[in-house]
Protein chains: 2
Amino acid sequence: MQFKTRLNCTPPLRLRDLACLPEVASRLQHFKRGTEFVHEGQSVQKAYVLQSGWACCYKELREGGRQIISFPLPGDFMGLGSVLLRSADHSFAALSDIIVSSFSVENMMNMFQKNPSIATAVLRLASRDHAMVVEHLVDIGRRSAMERVAHCLLELRHRLRLAGLASKEEFDCPLTQYDLADALGLTPIHVNRVLRQLRERGLLTMKAHTVAIHDLAGLIDVARYEGSYVDQGGAAHDGNLFETSSGVEPVPAVPSS
Amino acid sequence: MQFKTRLNCTPPLRLRDLACLPEVASRLQHFKRGTEFVHEGQSVQKAYVLQSGWACCYKELREGGRQIISFPLPGDFMGLGSVLLRSADHSFAALSDIIVSSFSVENMMNMFQKNPSIATAVLRLASRDHAMVVEHLVDIGRRSAMERVAHCLLELRHRLRLAGLASKEEFDCPLTQYDLADALGLTPIHVNRVLRQLRERGLLTMKAHTVAIHDLAGLIDVARYEGSYVDQGGAAHDGNLFETSSGVEPVPAVPSS
DNA sequence: CGTGGAGTTGACCAACCTCAAAACATGTGG
DNA sequence: CCACATGTTTTGAGGTTGGTCAACTCCACG
């Protein structure tokens, strides 16, 4: 069975520590585009690992509307935190048809018992999630609409590249302008205007579920982008996503950009 | 030695698991108001627990200015995530004279080895931090200036109450309007105007380092506040801050509000 | 064809920012 | 004890970014 995770890209964790990983993963589940598969507040015993497709993690506001927290991509954990708290602190939905595998709380505990370095690895993963939310916070709190949009798309590109899912100047992207708006604290209308500007400046175009970067340097400049947090604290060359087949030697999926 | 932490308020962790905790804490350190004791990007081997006073956690922008991520209060961990990543992902500064104790990475690892439930407890703590940043994100992304200010002060009150540091209608607060502005993605000037409105509406006054709540219900109403995330996922009565003296039976510090 | 979701555009408006300047504290050295 | 410097709060006038409302287009899908 193919099993994707990002646990193994953290240097101190050795390969055999991972041996116990696939055995605790339950069988794969499929969700259709648009499905909300974790609802905020419901009690959960599972955490998920996204195997393919795009998801989003968000909170709904009582006043209507929502704030998107993050866009999990293949290889990312989802709901790590919720496992330990009694209930999910936010909802998850599929933005495309997706495949996930899941862990139970007990599985996680067992892993920790068997091998404490797994705990360290999981904690490190949680730290990376934390760093990404923080960056998102800075984005919304202190940057202009244009910077936000550019920043967000650059980060997605960066993460997709690490996962081997983006070429140098183009990537597939199922996000609607509504999704972007909900993530960036903007109006869909304004997102549209910003995208037009980016297009007119020859920086990037977003159409038909595809983002095309025309001027990467220029874009990085507008966005004031520095994506070190994506690579887990500067370890750029360890940041790749590997693919393991139940204990078999992992193979690098893509050379680092 | 008195040792404050919030690890012990998580139900599944038993008391004797904590026995190893004070022994790994290095001796207490003092920092003066205004000191930046962790700088973003520097390599760190330590995490801190705030024993007394107020701190803030922030990121500086290259363009000048900063975004405050959180306000650690007594009992809170600081820099949990940075321990696992190679370097600090954000800076910490003292907002008042503070006392902290610190852990090294090795100490943490040792604890995990000795007792994996500590790993679980730490991860749970990290989850709570995560939940709070997420709430902050929603705040900045989707709420008006007035809601933000009210929300922020209510959350601080809530957390201070859990720590036994606030009465029902008043608490001590060293924050300047600049600090608030940096936390909420606003201008100090605008924060001032909002505070005036809140005062004029008879909801709260903030002066001379003291926040006085005049109409709690009204305030909760404008802020749309629901602070369940502060209590670690609905476990309101387990959310208290305990005080332990090296392995001695902990005593509840304050009845829950 | 018709329907509904997504993208696009324009006119208008308000929340919040910028700049500028006082008033008010608080602590320091003379 | 006063004079001064520094940091914090307060207020005003005017400008911009981004929101609101309201169409209309385009396209995928039945």
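In what follows, every heavy atom counts, from backbone to side chain, and hydrogens, waters and symmetry copies are set aside. Small disclaimer: the values here were computed from a predicted structure and weren't measured. Lettering of chains follows the sequences in order, A, B, ..., and the numbering in each one begins at 1.
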Among the nucleotides dT8(C), dG7(C), dT8(D), whichever has the atom closest to the side chain of R199(A) is dT8(C)

How long is the line joining NE2 of H209(A) and P of dG7(C), in whole Å? 7 Å

Please determine, for the side chain of L186(A), which listed nucleotide (dT9(D), dC16(C), dG19(D)) has the closest atom? dG19(D)

So do the side chains of R224(A) and E63(B) get within less than 4.5 Å of each other, counting heavy atoms only? yes

Quick check: does any side chain N or O of D179(A) sit under 3.5 Å from a backbone N or O of T176(A), one acting as donor and the other as acceptor? yes

Look at the side-chain N and O atoms of N192(B) and state whether any lies under 4.0 Å from the OP1 or OP2 oxygen of dT9(D). no

Looking across every strand, which nucleic acid part, if any, lies under 4.0 Å from L195(B) by heavy atom: base, sugar-phosphate, or nothing? nothing

If you check the H190(A) side chain, which of dC17(C), dG19(D), dC16(C) turns out closest? dG19(D)

Expressed as a whole number of angstroms, how long is the span from M206(B):CE to dT10(D):C1'? 14 Å

What I want to check is whether an N or O donor and acceptor connect the side chain of R193(A) with the base of dG19(D) at under 3.5 Å. yes

Go through dG10(C), dG18(D), dC16(C) for me and flag the one nearest to the A145(B) side chain. dC16(C)

Answer with yes or no whether the side chains of E36(B) and Y58(B) bring together a donor and an acceptor at under 3.5 Å. yes

Within the 4.0 Å heavy-atom criterion, would you say R142(A) contacts the bases, only the backbone, or no part of the nucleic acid? nothing

OP1 or OP2 of dT8(C) under 4.0 Å from side-chain N/O of Q177(A): yes

Any idea which of dT9(D), dC16(C), dT11(D) is nearest the I189(B) side chain? dT11(D)

Please examine the side chains of E155(B) and F71(B), heavy atoms only from C-beta on, and report whether any two atoms are closer than 4.5 Å. no

Euclidean distance, atom CG of residue L95(A) to atom P of dG5(C) [Å, nearest integer]: 17 Å

For S101(B) and Q29(B), which I'm curious about, is there any donor-acceptor pair between the side chains at under 3.5 Å? no

Integer-rounded Å distance: dT16(D) C1' and M146(A) CE: 14 Å

Nearest-Å distance for atom pair NZ/P, residues K207(A) and dC27(D): 12 Å

Any base atoms under 4.0 Å from G34(A), or only sugar-phosphate, or nothing? Heavy atoms, all strands. nothing

